[in-house]
Amino acid sequence: MDILPQTSLGEILASRGYITPEQLQQGLVEQKRTGKRIGETLVSLGYLRESEMLSCLAERMGLPLVNLADRVVDPAVLGRVPSEFALSHHVLPLASSDHTLTVAIADPLDLDALDDLQLLTDGAVEPVLASPSEIRRAIEQFYMTKMMQDISEQDVEILSEEGYEIADLQRMAREELVIQLVNITLQQAIQDRATDIHIEPFEKELRIRYRIDGVLQEVSSPPKRLHPAIVSRIKILSDMNIAERRLPQDGRMRLRSGGRQIDLRVSTIPTLFGESVVMRLLDRATALLGLEDLGMRAESLDRFRRLIRMPHGIILVTGPTGSGKTTSLNAALIEIYSPEKKIITIEDPVEYQLNGVNQIQVRPNIGLSFASGLRHIVRQDPDIIMVGEIRDSETVDIAIHAALTGHLVFSTLHTNDAAGAISRLLDMGAEPYLVASSLIGVVAQRLVRLNCPRCSAPVQEPFEALQEAGISPLEAEGARLMAGQKCEECKYTGYRGRSGLFEMLVIDDALRQMVMARKPSLEIRQYGIQQGMSTLLMEGRERILTGKTTLQEVLRVCQREEFDV
């Protein structure tokens with residue numbers, strides 16, 4: 001098989017008229033930034049349909065293109081390739097004959113995967129090309145079905161919730177089927193870009209759900225009787241006490257998938273029907289974004305860059321849990337880091353390690369809180385301080401005094417909008433004159449899901465619904481409203497990926513006077529809008545009108561109070 005033909009995929013796509021030369025050049029620039037294949041890059045940019053890319057790739061590689069939609073695979077053939085290998089390399093064994101294994105592969109240029117597969121199966125490998133989304137769906141379906149069959153056929157003794165002892169738990173956690181089940185659950189979550197895995201026991205069933213793009217989605221779940229073994233396996237991997245089932249526990253584990261290092265933060269709590277487990281997946285490669293990757297408009301990005309380069313003061317990022325506050329703060333620290341500056345952070349927990357930054361983990365059990373840690377940080381001669389969250393009046397007081405003594409302080413608050421952060425600081429007991437003197441900017445943010453680039457298509461929205469988001473008939477008339485039509489690539493949600501909506505309040509002299517006078521947050525908000533502040537809803541409207549997301553998604557993440565402004 002000629003796997004290195006002279007004509008490039010981009011040239012074939014352009015010659016067929018699927019893309020323009022300009023789109024090819026933009027794709028090459030984006031490919032250089034992300035390191036992905038050019039075909040995958042062009043599809044993600046929305047210049048190309050996956051089916052078009054696959055047909056050209058099959059022509060270039062001289063491989064047959066197969067459809068896995070109605071394919072049935074013999075469990076004996078599946079058994080020749082471990083589920084972990086299939087998931088991590090995106091390969092699916094289809095047939096076996098005369099010492100030759102036919103496999104569907106998403107990336108025929110992954111020669112290492114093909115070589116490893118030959119060594120693994122001790123025979124020849126014949127690749128065929130298939131859609132990455134179809135391969136992933138088939139792997140999840142076939143391997144999970146095979147594992148469930150194996151569990152029912154084999155004598156795997158699982159005791160009742162009340163009946164197991166420590167030795168039983170340890171033995172069950174080392175059963176091969178339990179190990180495979182946990183591994184495939186983790187690998188599937190990574191492949192699906194999940195940020196969290198929820199394992200929840202109920203009276204008659206065990207439910208596993210992934211949080212993808214901020215929304216929970218249910219996946220295939222094993223029998224309820226396997227719950228104690230699954231939890232024990234996760235506890236062993238996370239260095240937790242498998243004997244303790246009455247109290248909440250926290251742990252961590254680390255795994256490698258497809259050349260990426262994934263950290264998992266694990267939490268267990270006792271519930272009525274057993275222990276509930278939540279695992280937060282922390283992928284360093286995708287989480288440490290630059291400021292340009294957050295989704296800020298050019299004007300907001302310029303204002304934020306000016307803010308984070310101030311010599312001293314407090315900058316707050318606000319929003320609910322899961323709105324991307326930590327990601328924004330990390331992006332800011334990466335942007336302003338230099339060897340001439342000393343940066344210290346105190347976080348709960350430290351999720352991502354930043355090169356050149358001194359990071360402290362909060363440990364309340366030994367008295368290391370945000371307040372006590374911050375008190376010692378200021379004695380370390382830092383230039384920039386990042387406090388994971390301002391939770392109490394003591395932390396507020398120390399942060400304000402650190403800003404007033406020449407430090408640049410970053411932190412987060414749980415408030416609904418930028419103006420509300422000022423009221424929150426005052427409610428915590430901070431003096432108005434100290435807040436006015438130290439606070440230099442507040443950023444409120446939300447994350448909205450983006451339309452799937454593969455299945456997005458024009459749609460019509462009722463005028464009443466558009467009016468609810470403040471979109472006038474004139475604006476809607478000149479806009480191209482889009483929505484995902486739900487395909488395999490987006491797991492039939494219509495969305496793939498997320499981007500930020502930002503509301504940036506920069507403190508000026510007039511605002512300082514309003515803070516001193518304890519003006520209500522609504523009045524502060526209205527002043528900010530008069531000065532050109534773009535609200536969350538305003539940014540959401542722009543994303544709707546440009547076809548990047550849907551009206552329903554913006555209404556989901558933006559609060560009703562914003563619609564009246």
With no hydrogens and no angle check, is any side-chain donor or acceptor of [X] less than 3.5 Å from a backbone partner on [Y]?
X	Y	answer
R49	E52	no
T549	R449	yes
Q23	T20	yes
S300	M296	no
Q359	L354	yes
T412	K325	no
Q25	E22	no
D263	L282	no
D116	A113	no
S238	M253	no

Do [X] and [Y] have side chains that approach each other closer than 4.5 Å (heavy atoms only, starting at C-beta)?
X	Y	answer
T195	I212	no
L117	V103	yes
T535	I529	yes
Y47	Q26	yes
V277	M279	yes
R303	V506	yes
I343	M386	no
I234	I199	yes

Practice item. Considering only NZ, NE, NH1 and NH2 on the basic side and carboxylate oxygens on the acidic side, decide whether E335 and R309 come within less than 4.0 Å. Key: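 Salt bridge: yes.
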
Check your understanding: Ion pair present between K32 and E30, side-chain N to carboxylate O less than 4.0 angstrom?
Key ->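 Salt bridge flag = no for E30 with K32.
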
Practice item. Go through the steps to decide whether E542 and R297 satisfy the test salt bridge (Lys or Arg N to Asp or Glu O under 4.0 Å), and finish with yes or no. Key: CA-CA 10 Å; E542 181 184 338; R297 298 189 309 163; 3.4 Å; yes

For the residue pair [X] and [Y], what are the closest heavy atoms and their distance?
X	Y	answer
R543	V448	NH1-CG2, 4.5 Å
I197	A189	CD1-CB, 3.5 Å
L114	P108	CD1-O, 4.2 Å
P222	L181	CB-CD2, 3.5 Å
L505	G528	CD1-CA, 4.0 Å
Q353	R254	NE2-NH2, 4.3 Å

Point to revise | Partner set under salt bridge (charged side-chain N to carboxylate O under 4.0 Å, His left out) for R556, not counting sequence neighbours | key: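 Checked R556 against salt bridge (charged side-chain N to carboxylate O under 4.0 Å, His left out); matches are E553.
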
Check your understanding: Looking just at side-chain N and O atoms, do T550 and Y495 make a donor-acceptor pair shorter than 3.5 Å?
Key ->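 Result is yes, a qualifying pair exists.
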
Check your understanding: Does the side chain of Q445 pick up a donor-acceptor pair with the side chain of E503 at under 3.5 Å?
Key ->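 Short answer, no.
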
Exercise for review: With salt bridge (Lys or Arg N to Asp or Glu O under 4.0 Å) as the test, would you mind laying out the steps for D196 and R265 before giving the verdict?
Suggested key: CA-CA 9 Å; D196 301 87; R265 198 175 77 220; over 6 Å; no

Check your understanding: Any chance CZ of R424 has more than 12 other-residue heavy atoms, nucleotides or ligands included, within less than 6.0 Å?
Key ->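 Incorrect, the count does not exceed 12.
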
Exercise for review: Determine, step by step, whether Y210 and E218 satisfy the side chain to side chain donor-acceptor pair (under 3.5 Å) criterion, reporting the C-alpha distance in whole Å, the side-chain angles of both residues, the deciding distance to 0.1 Å, and the verdict.
Suggested key: CA-CA 6 Å; Y210 297 159; E218 193 163 355; over 6 Å; no

Point to revise | Criterion salt bridge (Lys or Arg N to Asp or Glu O under 4.0 Å) on R496 and D213, from CA distance to verdict | key: CA-CA 7 Å; R496 184 172 174 84; D213 293 332; over 6 Å; no

Side-chain donor-acceptor pairs of residues 450-463 under 3.5 Å, sequence neighbours excluded:
from	atom 1	to	atom 2	distance (Å)
N451	ND2	M482	O	3.3
N451	ND2	G547	O	3.0
R454	NH1	E50	OE1	3.0
R454	NH1	S133	OG	3.2
R454	NH2	E50	OE1	3.4
E461	OE1	Q552	NE2	3.3
E461	OE2	Q552	NE2	3.3

Practice item. Look up atom OG in S276 and atom CD1 in I269, then write down how far apart they are to the nearest 0.5 Å. Key: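 Rounded to the nearest 0.5 Å, the OG-CD1 separation comes out at 5.0 Å.
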
Review point. So how far is it from L316 CG to I390 CD1, rounded to the nearest 0.5 Å?
Key: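 Rounded to the nearest 0.5 Å, the CG-CD1 separation comes out at 5.5 Å.
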
